[in-house]
Amino acid sequence: MKLRVDRDVLAEAVTWTARSLPQRPPVPVLAGVRLEAKGSSLTLSSFDYEVSARCEVAAEVEEPGVVLVSGRLLADIAKALPAKPVDLEVEGTKVTVTCGSAHFTLAAMAADDYPALPQMPAVAGTIDAGDLAKAVAQVFTAASRDETLPMLTSVQMEVEGSTLTLLATDRYRLAMREMQWSPDEQSISTTALLKARTLSDVAKSLTSSGDVTVALSEDGSSSAGLIGFEAGGRRTTSLLTDGDYPPVRRLFPETTTIHATVGKDELVAAVRRVSLVAERSTPIRLSFTQGTLSLEAGQGDDAQASEELVAHLDGEDISTAFNPGYLLDGLAALSTPYVRLDFTHPSKPAVLTGMDAIGGQEDPSFRYLIMPIRFGA
């Protein structure tokens, strides 16, 4: 194999392909990135039996061929090379990388032992890359990090016609984002459960393209249990999480009787200040009265803090308490200047939604439910 490729193109392609390589691969070949040169392109592939990545870039191919090299080492080298064309050549069991006066020699791995990448499932539709990235970022924060609960470390994707919904929860908060997409069939109705971290990596890495193609496997197909994403010459697949996601939609109350609206940025700043005296996992109290929101943290002989903000309240006065980190996560996910907090009872979950103004238009596409915490006397 012998080829020449642009340095920036190679660095970006190797970094993206190697992003999901396992830190401690069960077999040595899974630490490698497979390079295949033919025609006028170079195709890079990686696979760890759960997530696969494939990227195709333009190259001047003098001699076609296939080689397997250490993915992370090649990525580090490519990023460190000078801004000049890169020549790659396979010589026996060695791979030489030359760029200007820089010269590297890498050991070739056993390409014949590398597993075949899974086939891309059937295309289900397309979605704007920017919309996908924003939606995933909004729900990702609510997904659990506890690997002993694999179901909750995943994001539930629900498709109903032209509406695509993402749901994530860690039992203490719940995020739900609805968006429009372009399905291949308007009658589509399905669900998919995939790792939150995998979905987040995919959404971040495909933002440079206009549309992302989403592919979902069908029962009985050769790619059953897979989801795929493709955009801009990049393709990735992931195994779906087995099991049924909890019926979390029913946690959102059908009606609420108390509604409080406050400036989002002012509330974020106040929560950060007041929570400085709150020890880890201790709540801050929010007390809403007509025209005022009072925030308090700390108690007894410990450090204490309080602050008041202007707020609009529709309904009875209410006092409740939240984990400040969880509350800040929900506020950060909103893109509107105001936030509305809907309550049914101080001990029941509150629902955060975005508002463009007090008494103005609500953004129903994103809802964030947060569980209250008992505040000590």
Side-chain angles (χ1 to χ4, degrees), residues 17-27 30-31 46-53 115 117-121 124 132-133 135-160 164-179 189-206 212 214-229 235-252 280-281 323 325-326 329-330 333 349 366-371:
T17 308
R19 77 194 191 286
S20 58
L21 291 176
Q23 292 287 343
R24 297 173 180 168
V27 289
L30 294 185
S46 66
F47 185 37
D48 65 355
Y49 291 112
E50 181 175 342
V51 178
S52 76
L117 268 66
Q119 293 294 316
M120 192 77 163
L132 178 63
V136 172
Q138 286 178 306
V139 300
F140 174 76
T141 188
S144 176
R145 310 294 190 268
D146 186 355
E147 294 297 335
T148 63
L149 299 169
M151 195 72 63
L152 300 187
T153 62
S154 300
V155 171
Q156 172 89 335
M157 179 184 293
E158 300 177 355
V159 178
E160 197 65 46
L164 189 152
T165 304
L166 300 176
L167 292 150
T169 183
D170 61 1
R171 298 179 298 170
Y172 306 107
R173 62 265 182 80
L174 165 63
M176 183 174 77
R177 169 65 193 273
E178 293 183 345
M179 72 192 98
S189 178
T190 187
T191 61
L193 188 61
L194 68 156
K195 290 290 186 182
R197 190 165 298 280
T198 299
L199 180 59
S200 177
D201 288 344
V202 168
K204 290 176 182 177
S205 66
L206 297 180
V212 176
V214 182
L216 289 168
S217 60
E218 299 177 1
D219 293 340
S221 68
S222 59
S223 58
L226 280 180
I227 188 170
F229 302 89
R235 174 187 297 180
T236 185
T237 66
S238 173
L239 287 177
L240 297 176
T241 305
D242 289 331
D244 296 324
Y245 203 64
V248 293
R249 276 179 178 265
R250 66 185 184 188
L251 295 176
F252 288 104
R280 185 178 180 182
S281 300
N323 176 304
Y326 293 169
D329 286 343
F366 176 71
R367 289 192 287 169
Y368 184 88
L369 181 145
I370 181 170
M371 298 292 293

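Everything quoted here is computed from the prediction, not taken from an experiment.
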Electrostatic pair Arg249-Glu158, nearest N-O below 4.0 angstrom:
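Between Glu158 and Arg249 there is a salt bridge, with a charged N closer than 4.0 Å to a carboxylate O.
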Any Lys/Arg nitrogen of Arg145 or Asp170 sitting under 4.0 Å from an Asp/Glu carboxylate oxygen of the other?
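Salt bridge flag = no for Asp170 with Arg145.
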Check your understanding: Given the rule in the side chain to side chain contact (heavy atoms under 4.5 Å, CB included) test, do Met176 and Val139 qualify, once you have shown the distances and angles that lead to the verdict?
Key -> CA-CA 6 Å; Met176 183 174 77; Val139 300; 6.0 Å; no
Please report the closest heavy-atom contact between [X] and [Y], naming both atoms and the distance.
{"X": "Gly325", "Y": "Asn323", "value": "N-OD1, 2.8 Å"}
{"X": "Leu30", "Y": "Pro22", "value": "O-CD, 3.7 Å"}
{"X": "Leu369", "Y": "Leu251", "value": "CD1-O, 3.3 Å"}
{"X": "Met371", "Y": "Arg171", "value": "CG-O, 4.0 Å"}
{"X": "Pro115", "Y": "Phe47", "value": "CG-CD2, 3.9 Å"}
{"X": "Gln138", "Y": "Ala333", "value": "NE2-O, 2.7 Å"}

So does [Y] get a backbone contact from the side chain of [X], meaning a donor-acceptor N/O pair under 3.5 Å?
{"X": "Thr17", "Y": "Ser46", "result": "no"}
{"X": "Glu178", "Y": "Thr165", "result": "no"}
{"X": "Ser200", "Y": "Arg197", "result": "no"}
{"X": "Ser217", "Y": "Pro121", "result": "no"}

A cation-pi test, strictly: NZ or CZ of Arg173 under 6.0 Å from the centre of the six-membered ring of Tyr326 and no more than 45 degrees from its axis. Yes or no? yes
Point-to-point distance, once rounded to the nearest 0.5 Å, from [atom1] of [X] to [atom2] of [Y]:
{"X": "Tyr172", "Y": "Asp329", "atom1": "OH", "atom2": "CG", "value": "14.5 Å"}
{"X": "Met151", "Y": "Leu193", "atom1": "CE", "atom2": "CG", "value": "6.0 Å"}
{"X": "Gln23", "Y": "Asp48", "atom1": "CD", "atom2": "CG", "value": "11.5 Å"}
{"X": "Met157", "Y": "Leu164", "atom1": "CE", "atom2": "CG", "value": "5.0 Å"}

The side chain to side chain donor-acceptor pair (under 3.5 Å) partners of Glu160 (sequence neighbours excluded) come to Ser189
* Asked: Between Leu199, Val155, Asp201, which is the residue that forms a side-chain contact (heavy atoms from CB on, under 4.5 Å) with Val136?
  ->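 Of the listed residues Leu199, Val155, Asp201, the side-chain contact (heavy atoms from CB on, under 4.5 Å) partner of Val136 is Leu199.
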*Is there a donor in the side chain of Asp146 and an acceptor in the side chain of Ser144, or the other way round, less than 3.5 Å apart?*
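No, no side-chain donor-acceptor contact under 3.5 Å.
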Report task. Show the numbers, then the answer: is there a side chain to side chain contact (heavy atoms under 4.5 Å, CB included) between Arg367 and Arg177? Result -> CA-CA 7 Å; Arg367 289 192 287 169; Arg177 169 65 193 273; over 6 Å; no
| Stepwise, does the side chain to side chain contact (heavy atoms under 4.5 Å, CB included) test hold for Gln119 with Leu226? | CA-CA 9 Å; Gln119 293 294 316; Leu226 280 180; over 6 Å; no
Side-chain atoms of residues 235-247: list all donor-acceptor pairs with protein atoms under 3.5 Å, sequence neighbours left out, distances to 0.1 Å.
residue: Arg235; atom: NH2; partner: Glu230; partner atom: OE2; Å: 3.3
residue: Thr236; atom: OG1; partner: Ser52; partner atom: O; Å: 2.6
residue: Thr237; atom: OG1; partner: Ser52; partner atom: OG; Å: 2.4
residue: Thr241; atom: OG1; partner: Ser154; partner atom: OG; Å: 2.9
residue: Tyr245; atom: OH; partner: Thr169; partner atom: N; Å: 3.1

